[in-house]
Amino acid sequence: MEIVRSQRQLAAAAAAASGGGSGAGALPTYRVAPQLEVRLEEFELFAIDRLRVLKGISDGLSRGKRPEEMEKLVSELWKAHMRHQDPAETLNKDLISHFVLRLVYCRTEELRKWFLSMENTLFRYRFRLESPESQRLLMSEFQLPYKALPHSEFEAVKDKLSQVARSIGQSASVESVFFKVPFEEVPDLVASRRVFLSKGYAYVAMSQVVSLVVTQFRCNISKALVLTNRKWTATIKEQEKDRLTPIVEALSNAYFGPDYSQPNDATEISSKDIDQLARTSFPLCIRHMLEKLRENHHLKHGGRMQFGLFLKGAGLKLEDALTFWRSEFSQKVGSERFDKEYAYTIRHNYGKEGKRTDYTSYSCQKIISATPGVGDHHGCPYRHFGEENLRAALNNMGVGGNALEGILDKVKNRHYQLACTMTFEATHGVSCDTGINHPNQYFSESQKVLQAKNQTVQSQLST
């Protein structure tokens, strides 16, 4: 890496930016951006390597890997994409790549949410791989206001701690170091019943302190992303429009492939195609909204937004969109009321009204996090349907037998995107190794599979 300063200065700057730590190669806390001069090509390449790690983590989570499998996966991804023979260089790359991606992913709420989740998971498993001494040093760096439980208090609750240990399958012999913390500081441990609670406090073992550290880490990064977004919007984007801005705007798609939220110029569908495409290539969430639209000739705002932006991303042009929605809504509210109350929103989604923002379709993450109200039909069926309704909907798609039971099992374990991926595989007869993370990705991949099958049939007929 071409840096203006000497290697000794480089390592010192990196160590300072890491927030201290136990020397070169220690796990950084990313409190301060490193004062390093980096070539533009390495600015981009370092970020892409880290993206490969984060994308690997995302794929592992979507595949429902267990904690021990995730720990192994994170270790392998880090070794493959981020490690250097010189520990100081590994630390430099770690810091630079994190802050570059912080700039890339600060720009929208959805990008911030994904980046924060993946960085948090990466930090969690890297922390677990650190030595106990390094873990204690990291606790001190975060300045956590917790002290080890005094011996007298430990003895008073030892039996309770032992009961908790046995209930989660651990040895009956209790660890000797515990921290007494407000229960809201460790929501993951409380939710999974892995700690003893008493009078509003959770008793956290030394082997569980990762939950305390990760909570603080997440809070710090979340605040930093908001501040970075303000700086990006106010000054950086314009000042760097001919240098960094094009790289930053391209990096979010550098490893993830096409942007499924925006229509492909080569793809165009007609309002007349929608029913046929729904039977072959729409994911369950979109099929459900179309069914309810045909049934009621109306969708509430959440459904109109999710469904309408999906159709836009699939290639439905504005005029066709107006035709499609008018043909349905006019049966219930009349053409005049449709033009007054609903047509504006459709044009607005296409960037033709208001601030002229060209809105993009919703990702799976955003859809899953939605909370549909009574009478709403948007959201993710895998999360929001009861088992009976979901079973019936999947049967209507032709999914049954072991595939259906496998999908329902993933839903019970809250692996909704993996359930959608398995539905795709069951209905198309192919594997989807990348996983489904966007409804328009489901549609695009489905069209590719069907086109390939059609070409195979045509080839066989011509021979």
Item to complete: Kindly say whether Lys332 contributes a backbone atom to a donor-acceptor pair with the side chain of Arg337 at under 3.5 angstrom?
Response: no
Can you check side-chain contact (heavy atoms from CB on, under 4.5 Å) on Leu293 and Met289, steps first, answer last? CA-CA 6 Å; Leu293 176 63; Met289 285 186 289; over 6 Å; no
Worksheet entry | Heavy atoms of other groups near Lys237 NZ, more than 12 under 6.0 Å | no
Under 4.5 Å between any side-chain heavy atoms of Glu425 and Thr421, yes or no?
yes
Okay, side chain of Ser222, backbone of Cys219: is any donor-acceptor separation there less than 3.5 Å? no
Note: Tyr350 and Leu316 closest approach over all heavy atoms is OH-O, 2.6 Å
Derivation and outcome, side-chain contact (heavy atoms from CB on, under 4.5 Å), residues Asp339 and Tyr344:
CA-CA 7 Å; Asp339 289 336; Tyr344 176 90; over 6 Å; no
One should read off an interatomic distance between Lys312 NZ and Phe307 CZ, to the nearest 0.5 angstrom, of 15.5 Å
| query | Relative to the ring of Trp325, is the ring of Phe329 parallel (under 30°), tilted (30 to 60°) or perpendicular (over 60°)? | reply | perpendicular
So does His298 get a backbone contact from the side chain of Glu328, meaning a donor-acceptor N/O pair under 3.5 Å? no
**OP:** Find out whether Arg50 and Asp94 are in side-chain contact, i.e. whether some heavy atom of one side chain is under 4.5 Å from a heavy atom of the other.
**Re:** yes
*asked:* Would you say that more than 12 heavy atoms from the other residues, nucleotides or ligands in this model lie under 6.0 Å from the CG of Asn402, or not?
replied: no
Worksheet item: Can we say Glu130 and Arg126 salt-bridge, meaning some charged N sits less than 4.0 Å from an Asp/Glu carboxylate O?
Response: no
_Has Thr245 got a side-chain atom pairing as donor or acceptor with Glu240's backbone, closer than 3.5 angstrom?_
yes
Would Lys272 and Asp320 pass as an ion pair if we require N to O under 4.0 Å? no
| is_close_aromatic(His348, Tyr359), centroid dist under 6.0 Å | yes
Discussion item. Looking at Lys300 and Val374, would you say the former's side chain and the latter's main chain have a donor-acceptor pair under 3.5 Å?
Written reply: yes
Taking every heavy atom of Pro246 against every heavy atom of Lys241, the minimum-distance pair comes out as CD-O, 3.4 Å
| message | Under 4.0 Å between a side-chain nitrogen and a carboxylate oxygen: does that hold for Glu388 and Arg391? | response | no
In this structure, CG of Leu311 is separated from CD1 of Ile286 (nearest 0.5 Å) by 7.0 Å
Please say whether more than 12 non-hydrogen atoms of neighbouring residues, nucleotides or ligands are located less than 6.0 Å from NZ in Lys352.
-> no
| task | Any chance you could lay out the ring pair (Phe, Tyr, Trp, His ring centres under 6.0 Å) test for His98 and Phe115, step after step, and finish with the verdict? | result | CA-CA 10 Å; His98 170 86; Phe115 178 72; 5.7 Å; yes
Shortest non-hydrogen pair, Ile436 vs Cys420, comes out as CG2-SG, 4.0 Å
Within the side chain of Arg193, is there an N or O that forms a donor-acceptor pair under 3.5 Å with the backbone of Val190?
no
_Any carboxylate oxygen within less than 4.0 angstrom of a Lys/Arg side-chain nitrogen, looking at Arg194 and Asp188?_
no
*asked:* If you count heavy atoms of other groups shown closer than 6.0 angstrom to CZ of Phe142, is the number above 12?
replied: yes
ask   = Stepwise, does the side-chain contact (heavy atoms from CB on, under 4.5 Å) test hold for Leu122 with Trp78?
value = CA-CA 9 Å; Leu122 173 62; Trp78 193 261; 3.9 Å; yes
When rounded to the nearest 0.5 Å, the distance separating CG of Leu418 from CD1 of Ile407 is 9.5 Å
- Look only at the side chain of Thr235 and the backbone of Lys231, and say whether a donor-acceptor pair between them is shorter than 3.5 Å. yes
When rounded to the nearest 0.5 Å, the distance separating CZ of Arg102 from CG of Leu227 is 9.5 Å
If you define the side chain from C-beta out and look only at heavy atoms, does anything of Val204 sit under 4.5 Å from Phe183? no
In short, Asn395 meets Gly400 closest at the heavy-atom pair OD1-CA, 4.3 Å
Q. With a 6.0 Å cut-off on ring centres, are His288 and Phe282 close enough?
A. no
Do Ser58 and Gln365 have side chains that approach each other closer than 4.5 Å (heavy atoms only, starting at C-beta)? no
Check: Taking 4.0 angstrom as the limit, do Lys292 and Asp376 come out as a salt bridge?
Finding: no
Glu69 bridged to Arg66 by N-O distance under 4.0 Å
yes
(message) A quick test of your reading: do over 12 heavy atoms of other residues, nucleotides or ligands sit less than 6.0 Å from CD of Glu295?
(response) yes
Does this structure show an ion pair linking Glu68 with Arg128, if we count only N-O contacts that are shorter than 4.0 Å? no
**Q.** 4.5 Å side-chain heavy-atom contact, Glu387 and Lys412
**A.** yes
Does any part of the side chain of Val411, heavy atoms only, come nearer than 4.5 Å to the side chain of Leu390, both counted from C-beta?
yes
Taking it one step at a time, do His301 and Tyr342 satisfy side chain to side chain donor-acceptor pair (under 3.5 Å)?
CA-CA 10 Å; His301 178 73; Tyr342 299 101; over 6 Å; no
* Asked: Under 6.0 Å between ring centres, would you say that holds for Tyr105 and Trp114?
  -> yes
Q: Report, as yes or no, whether the 6.0 Å neighbourhood of atom CD on Gln143 holds more than 12 heavy atoms from other residues, nucleotides or ligands.
A: no
Can you tell if the side chain of Phe424 reaches within under 4.5 Å of the side chain of Val449, non-hydrogen atoms only?
-> yes
Taking 4.0 angstrom as the limit, do Asp59 and Lys55 come out as a salt bridge? yes
- If only atom types and distance count, is the side chain of Ser271 paired as donor or acceptor with the main-chain N or O of Ala321 below 3.5 Å? no
Begin with the C-alpha distance, continue with both residues' side-chain angles, and end with the deciding distance and a verdict on side chain to side chain donor-acceptor pair (under 3.5 Å) for Thr215 and Glu185. CA-CA 7 Å; Thr215 298; Glu185 297 290 329; 5.7 Å; no
Does Glu109 come within less than 4.0 Å of Arg112, counting only side-chain N to carboxylate O? no
Distance col, row Tyr416:OH vs Ser369:OG, nearest 0.5 angstrom, shows 12.0 Å
task = Look at Arg294 together with Glu291 and state whether they make a salt bridge at an N to O cut-off of under 4.0 Å.
result = no
Side-chain donor-acceptor pair under 3.5 Å between Tyr442 and Thr423, yes or no? no
Do the side chain of His378 and the main chain of Thr371 share a donor and acceptor less than 3.5 angstrom apart?
no
Candidate pair Phe127 and Val214, rule side-chain contact (heavy atoms from CB on, under 4.5 Å), full reasoning = CA-CA 9 Å; Phe127 182 90; Val214 163; 5.6 Å; no
Distance col, row Arg230:CZ vs Ile236:CD1, nearest 0.5 angstrom, shows 13.5 Å
Do the rings of Phe217 and Phe123 sit parallel, tilted or perpendicular, given the 30° and 60° boundaries? parallel
Would you say the side chain of Pro182 lies within less than 4.5 Å of the side chain of Tyr146, judging by non-hydrogen atoms? yes
| task | Give a yes or no answer on whether the side chain of Gln441 reaches the backbone of Gly435 with a donor-acceptor pair at less than 3.5 Å. | result | yes
